[in-house]
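All residue numbers refer to positions in the sequence shown, counting from 1.
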Amino acid sequence: MSTPAYEHWTDLTVRRPDDVRTITGRPVSLPWQMEKHAGHIDRLMNRTLPADFPGPVERGDAGDVLAVLALSESMRRDLTARRAGDIREALLLGATWTEIAAAIDATPDEARAVLRDWTERQHWLHQREVERGWPLGSDADRHAAVLALIELADDEPMAAGT
């Protein structure tokens, strides 16, 4: 079943990462971005087919390449924005810093730095926005809980039940 938001997205020409927005201006989900990206890649791959290839073939052009570049950057940004939250979630579910570091091809201290930077920004956001009446970011308790996760030893999982 198609929705107006999905139809808008499928008809949208993407040439810049900032073009990747829904009809309401909100971010587009990664699956929708990947679907559009794959369509452009398919058309570009069709350029390698012989000129006498049987059947209808839609061949890619410069617009397809620009869309691939813009969509790739948009997806990279979205995935990067999720990274620290995913690290936090992994720790909460029992992963160790050593396991997380391996998963992101980093050292445990580099992985900790990602989470530390994120939690500091979330705490700053909360401090700023609470004055405006918006409960965004991490309050002092959540900030302290994330800092406690950062202090776990490389091979120490979070204690069960905490």
Seminar exercise, completed: CG of D86 to CG of L93, rounded to nearest 0.5 Å, is 10.5 Å
Seminar exercise, completed: Shortest non-hydrogen pair, H126 vs G137, comes out as CB-C, 3.9 Å
Problem set entry | Distance-only donor-acceptor check, side chains S74 and Q33, under 3.5 Å | yes
Exercise. Does a sphere of radius 6.0 Å around CZ in R47 hold more than 12 heavy atoms from other residues, nucleotides or ligands, not counting ones at 6.0 Å or beyond?
Worked result: no
For this session: Would you sort out whether R112 and D154 count as a salt bridge (Lys or Arg N to Asp or Glu O under 4.0 Å), showing the intermediate values?
Result: CA-CA 10 Å; R112 283 184 184 91; D154 289 357; 2.7 Å; yes
Exercise. Transitively linked via ILVMFWY side-chain contacts under 4.5 Å: L69 with M34?
Worked result: no
Exercise. Under a 4.5 Å side-chain heavy-atom rule over Ile, Leu, Val, Met, Phe, Trp and Tyr, are V57 and L44 clustered together?
Worked result: no
Exercise. Is a side-chain donor or acceptor of R15 paired with a backbone partner of G63 at a separation under 3.5 angstrom?
Worked result: yes
Exercise. With distance as the sole criterion, is a donor-acceptor pair present between the side chains of T22 and T24 under 3.5 Å?
Worked result: yes
Problem set entry | Cluster link M45 to F53, ILVMFWY, side chain under 4.5 Å | no
Seminar exercise, completed: Only residue of E35, K36, R21 satisfying side chain to side chain contact (heavy atoms under 4.5 Å, CB included) with W9 is K36
For this session: Can you measure from CD1 (I100) to CG (L152) and round to the nearest 0.5 angstrom?
Result: 9.0 Å
Exercise. Hey, what do you get for NE2 (H8) to OG (S2), rounding to the nearest 0.5 Å?
Worked result: 12.5 Å
Exercise. Is I23 reachable from V20 through a run of I, L, V, M, F, W or Y residues, each pair having side-chain heavy atoms under 4.5 Å apart?
Worked result: no
For this session: Provide the closest heavy-atom pair for R88 versus L149 in the form atom of the first, atom of the second, distance.
Result: CG-CD1, 4.1 Å
Exercise. Could you give the distance from CD1 (I87) to CG (L115), rounded to the nearest 0.5 Å?
Worked result: 6.0 Å
Exercise. Where is the tightest heavy-atom contact between L91 and M158, given as atom of each residue plus distance?
Worked result: O-CB, 3.6 Å
For this session: Measure the shortest side-chain to side-chain distance between V68 and I41 over non-hydrogen atoms and say whether it is less than 4.5 angstrom.
Result: yes
Exercise. Would you say the side chain of W124 lies within less than 4.5 Å of the side chain of H143, judging by non-hydrogen atoms?
Worked result: no
For this session: With rounding to the nearest 0.5 Å, note down the distance linking CZ in R83 to CG in L79.
Result: 10.0 Å
Exercise. Between R82 and D78, does at least one N-O distance fall below 4.0 Å, as a salt bridge requires?
Worked result: no
Problem set entry | D105 atom CG, over 12 foreign heavy atoms within 6.0 Å | no
Exercise. Looking at N46 and E58, what are the two nearest heavy atoms and their distance?
Worked result: ND2-O, 2.9 Å
For this session: Please answer: with hydrophobic residues joined when any side-chain heavy atoms are less than 4.5 Å apart, are M75 and L66 in the same cluster?
Result: no
Exercise. Counting N and O atoms only, with roles assigned by atom type, does the side chain of Q122 sit under 3.5 Å from a partner on the main chain of T119, one being a donor and the other an acceptor?
Worked result: no
Seminar exercise, completed: Closest non-hydrogen contact found for D139 with R142 is OD1-N, 2.8 Å
Exercise. Salt bridge (Lys or Arg N to Asp or Glu O under 4.0 Å) between E73 and R77: does it pass, once the steps are laid out?
Worked result: CA-CA 6 Å; E73 177 60 18; R77 290 176 185 179; 2.9 Å; yes
For this session: Decide yes or no for E120 and D117: does some side-chain heavy atom of the first lie under 4.5 Å from some side-chain heavy atom of the second?
Result: no
Seminar exercise, completed: For T13 and D19, the nearest pair of non-hydrogen atoms, with its separation, is O-OD2, 3.9 Å
Exercise. Would you call the rings of W32 and Y6 parallel, tilted or perpendicular if under 30° counts as parallel and over 60° as perpendicular?
Worked result: perpendicular
For this session: Calculate, to the nearest 0.5 Å, the distance between atoms CG and CZ belonging to D42 and R59 respectively.
Result: 13.5 Å
